[in-house]
Amino acid sequence: MVNQIVHVAAAVIERGDDHILLAMRPDDKHQGGLWEFPGGKLVAGESVHEALSRELKEELGILVVDSSPLIRIHHEYPDKNVLLDVWRVTGFAGEPYGCEGQEVRWVKRENLTHYEFPAANNPIVAAARLPDKYLVTGVFATEEELFRRLHSAMALGLRLVQFRAPWLESDAYMALAEIMAGVCRESGSTLMLKGDVSLLLEDWVDGIHLTADQLQRLRSKGWQYCGDKLLAASCHSDIELAWAAAIGCSFATLSPVHQTASHPYAKNLGKTLARAITDKAVIPVFWLGGMGEDDLGSIKVNGGQGMASISCWW
Ligand SMILES: Nc1nc2c([nH]c(=O)n2[C@@H]2O[C@H](COP(=O)(O)OP(=O)(O)OP(=O)(O)O)[C@@H](O)[C@H]2O)c(=O)[nH]1
Ligand SMILES: [Mg+2]
């Protein structure tokens, strides 16, 4: 019985003002008394999207208008194996209410971590907090150029930025990073820095993006992060993605999916392998390398959180 996988469609329903809808699981159900993303089991012959639409009609009285795949999570509870197929719902008709008497609540995206969910939900909460585009900064000749390009990226709506400038000395990098963090915060964006994990203790630092070497060293020491800031890692395989999850990363990049100008000699994974690797991961995965915005839809269908890129937005 426990070997059977229960396929579930669940929804991260977003309202324009950056709120997400949660529902309370009834006490008498599996994982009762915990908050959930509304949804339910697929019935025979149904697609995930059909199940999602039916469940949201039955449980909340709304019609799904706009949606896209967000993340797929396999989880083994002691009494049940589930495959949670989670979609982001960005458009719906009707005003949601608890049709089955359950409590429902709109929650600010940044406060999602304050709620208690079933154990399978940690990666879903991580995915719901993240956008689908992750800008990695590229070359700049002057400080003026750096900030001009950063402002342009903000104007394009980019909300997650990694400051990558491997040619800078540490002091110069940190001085620019602190100013960039202020600029990003003003537009509601998050800045990820390259550097030591001890930087996570600094008030002004929102997140750290580790190299694969740093990841390996931290993993071999048994180090683990439990804080609320964003920790990410550059991964190139399923093993590295498993390490990233084990040390407490909230997301990762997977590269190179295709050939890139910045790493022309790295062997690219290709879409099929990238999909298989992403499917095994238990954290959100941004695909990186040789893709354009046109690929975003396909990345999501293949299980990715979205796309990371230098060249598209820099
Ligand atoms: N809907 C939903 N289910 C979740 C979440 N997290 C999670 O582990 N689950 C598990 O996935 C399964 C979903 O089942 P469900 O109880 O919602 O199914 P349903 O709406 O079809 O209701 P039913 O129990 O009346 O058939 C449960 O075992 C539940 O514990 C979540 O965020 N949302
Ligand atoms: Mg349900």
Side-chain angles (χ1 to χ4, degrees), residues 1-15 18-64 66-90 92 94-130 132 245 250-251 278-285 300 303 305:
M1 185 65 187
V2 176
N3 291 335
Q4 203 185 326
I5 296 174
V6 180
H7 196 172
V8 176
V12 169
I13 305 168
E14 299 187 345
R15 208 169 62 177
D18 226 24
H19 281 63
I20 287 167
L21 191 73
L22 300 183
M24 175 60 84
R25 289 191 64 78
D27 282 333
D28 60 341
K29 282 200 175 181
H30 184 243
Q31 300 292 308
L34 297 173
W35 291 95
E36 68 164 9
F37 296 101
K41 303 174 202 76
L42 272 67
V43 300
E46 235 180 5
S47 69
V48 178
H49 191 262
E50 284 163 352
L52 190 82
S53 301
R54 176 184 51 71
E55 286 286 344
L56 299 195
K57 180 93 188 31
E58 287 171 9
E59 295 188 355
L60 303 170
I62 58 169
L63 284 178
V64 175
D66 273 318
S67 60
S68 58
L70 180 62
I71 194 166
R72 278 158 64 91
I73 293 297
H74 300 256
H75 188 86
E76 296 185 8
Y77 290 107
D79 55 342
K80 205 172 196 176
N81 287 348
V82 291
L83 169 59
L84 300 174
D85 225 309
V86 187
W87 284 51
R88 217 193 268 275
V89 173
T90 45
F92 56 87
E95 188 55 41
Y97 70 102
C99 301
E100 296 166 346
Q102 77 278 32
E103 182 182 350
V104 299
R105 193 181 293 180
W106 286 106
V107 167
K108 267 185 114 163
R109 192 190 304 275
E110 67 201 51
N111 292 339
L112 276 179
T113 48
H114 303 172
Y115 289 78
E116 218 185 322
F117 294 95
N121 284 39
N122 290 342
I124 308 175
V125 171
R129 289 173 72 199
L130 294 167
D132 57 5
S250 25
F251 71 96
T278 304
D279 213 38
K280 281 204 227 167
V282 288
I283 50 176
V285 179
K300 292 181 189 179
Q305 170 80 19

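Counting starts at 1 for both ligands and their atoms, in listed order.
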If you apply the rule side-chain contact (heavy atoms from CB on, under 4.5 Å), what do you find for Q102 with V104, and how did you get there? CA-CA 6 Å; Q102 77 278 32; V104 299; 4.2 Å; yes
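The protein atom (non-hydrogen) at minimum distance from atom 11 (O) of ligand 1 is V8 CG2, 3.5 Å. Closest to atom 21 (O) of ligand 1 among all protein heavy atoms lies K41 N, 2.9 Å. Given atom 2 (C) of ligand 1, the protein heavy atom at minimum distance is E36 OE1, 3.2 Å. What sits closest to atom 19 (P) of ligand 1 on the protein, heavy atoms only, is G40 CA, 3.6 Å. If you check which protein heavy atom lies closest to atom 22 (O) of ligand 1, you get K29 NZ, 3.1 Å.
Residue A9 places no N or O, backbone or side chain, under 3.5 Å from any N or O of ligand 1. For H30, a nitrogen or oxygen atom sits less than 3.5 Å from a nitrogen or oxygen atom of ligand 1, counting backbone and side chain alike. In terms of polar-atom proximity, defined here as any N/O pair under 3.5 Å, F37 does make such a contact with ligand 1.
E59 contributes atom OE2 as its closest N/O/S atom to the Mg ion (ligand 2).
Of the heavy atoms in H75, none comes closer than 4.0 Å to ligand 1. Residue Y77 touches ligand 1 through its side chain alone, judged by heavy-atom distances below 4.0 Å. Within the 4.0 Å heavy-atom criterion, the part of N121 lying near ligand 1 is the side chain and not the backbone. Here L84 has side-chain heavy atoms under 4.0 Å from ligand 1, and that is the only part of it that gets that close.
Once rounded to the nearest 0.5 Å, the distance linking CD of Q305 with CG of L70 reads 5.0 Å. Remark: R88 CZ to E14 CD distance equals 4.5 Å, nearest 0.5 Å. Distance check, rounded to the nearest 0.5 Å: NE2 of H114 to NZ of K108 gives 10.5 Å. L52 contributes atom CG, which lies 14.0 Å from atom NZ of K57 (distance to the nearest 0.5 angstrom). Between the CG atom in L21 and the CG atom in L60 there is a gap of 6.0 Å [rounded to 0.5 Å]. Separating the NE2 atom in H49 from the OG atom in S68 is a distance of 9.5 Å, to the nearest 0.5 Å.
For ligand 1 and Q31, the ligand atoms under 4.0 Å from any heavy atom of the residue are 30 (O). Taking every heavy atom of K80 and a limit of under 4.0 angstrom, the matching atoms of ligand 1 come to 27 (C), 28 (O).
Closest heavy-atom contact between A120 and I73: O-CG2, 3.8 Å.
Under a 3.5 Å cut-off, the side chain of R25 and the backbone N or O of H30 do form a donor-acceptor pair.
Summarising the local packing, CD of E116 is surrounded by 12 or fewer heavy atoms from other residues, nucleotides or ligands at distances under 6.0 Å. Under a cut-off of 6.0 angstrom, the local environment of CD in E58 is crowded, with over 12 non-hydrogen atoms contributed by other residues, nucleotides or ligands.
Distances from the Mg ion (ligand 2) show that A23 has no N/O/S atom below 2.8 Å.
Nearest residue to atom 29 (C) of ligand 1 from E55, E59, R25 is R25 (criterion: closest heavy atom).
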